[in-house]
Amino acid sequence: MNNRNVVVIIVVAVLAVGAYFVLTMPDRRTPTEKIGDAIHDLPQGFDKASRQLEDRTPGQKIGDTIKDNTESR
């Protein structure tokens, strides 16, 4: 392997580790922010609004958004 391949492998590994940490970050919203988000999402359904009150990682939020968009079609 030449140096270019090693650099590409290192860059991909760093991006993968960074993505993992971003997607698994804890939910840092305050209870007031959670309630505000739930009220904002209430017209879209009680289930979606109630999800806003839970502590969820960004990865879980992305998964829920994908699930909601694929179910509505």
Side-chain angles (χ1 to χ4, degrees):
M1 264 198 303
N2 61 21
N3 289 337
R4 185 174 181 168
N5 289 342
V6 173
V7 171
V8 169
I9 291 171
I10 291 172
V11 168
V12 169
V14 168
L15 289 175
V17 169
Y20 172 79
F21 283 113
V22 167
L23 293 175
T24 59
M25 286 187 330
D27 190 358
R28 295 182 187 226
R29 295 178 297 162
T30 65
T32 306
E33 291 172 328
K34 290 178 185 179
I35 291 171
D37 291 342
I39 291 170
H40 180 265
D41 285 348
L42 197 55
Q44 296 159 351
F46 182 74
D47 291 339
K48 188 168 182 177
S50 65
R51 278 190 240 149
Q52 294 298 330
L53 299 174
E54 302 170 357
D55 287 333
R56 298 174 325 142
T57 65
Q60 291 170 322
K61 291 176 185 177
I62 291 169
D64 289 342
T65 301
I66 291 169
K67 180 182 166 190
D68 290 343
N69 287 332
T70 56
E71 286 179 354
S72 64
R73 292 180 184 197

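FYI, side chains are in, hydrogens and waters are out, and symmetry mates aren't considered; it's all heavy atoms of this structure. Predicted model only: the values in this text are computed from it and were never measured.
Across Val22 and Pro58, no two heavy atoms sit closer than the pair O-CG, 3.4 Å. Across all their heavy atoms, Asp27 and Asp55 have their closest contact at OD2-CA, 3.8 Å. Across every non-hydrogen atom of Leu53 and Ala38, the tightest pair is CD2-CB, 3.8 Å.
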Show the numbers, then the answer: is there a side-chain hydrogen bond (donor to acceptor under 3.5 Å, both in side chains) between Arg29 and Gln52?
CA-CA 10 Å; Arg29 295 178 297 162; Gln52 294 298 330; 3.0 Å; yes

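Val7 and Leu15 fall within the same hydrophobic cluster, defined by Ile, Leu, Val, Met, Phe, Trp and Tyr side-chain heavy atoms under 4.5 Å apart, directly or through other members. When hydrophobic clusters are built by joining Ile, Leu, Val, Met, Phe, Trp and Tyr residues whose side-chain heavy atoms come closer than 4.5 Å, directly or via intermediates, Val17 is grouped together with Tyr20.
Atom CG of residue Asp47 and atom CG of residue Asp41 lie 11.5 Å apart, to the nearest 0.5 angstrom. For the atom pair CG (Leu23) and NZ (Lys61), the distance works out to 12.0 Å, reported to the nearest 0.5 Å. Gln60 contributes atom CD, which lies 12.0 Å from atom NZ of Lys67 (distance to the nearest 0.5 angstrom).
Checking side-chain atoms of Asn2 against main-chain N and O of Asn5 turns up a donor-acceptor pair under 3.5 Å.
Ion pairing between Asp68 and Arg51 holds under the 4.0 Å rule for side-chain N and carboxylate O.
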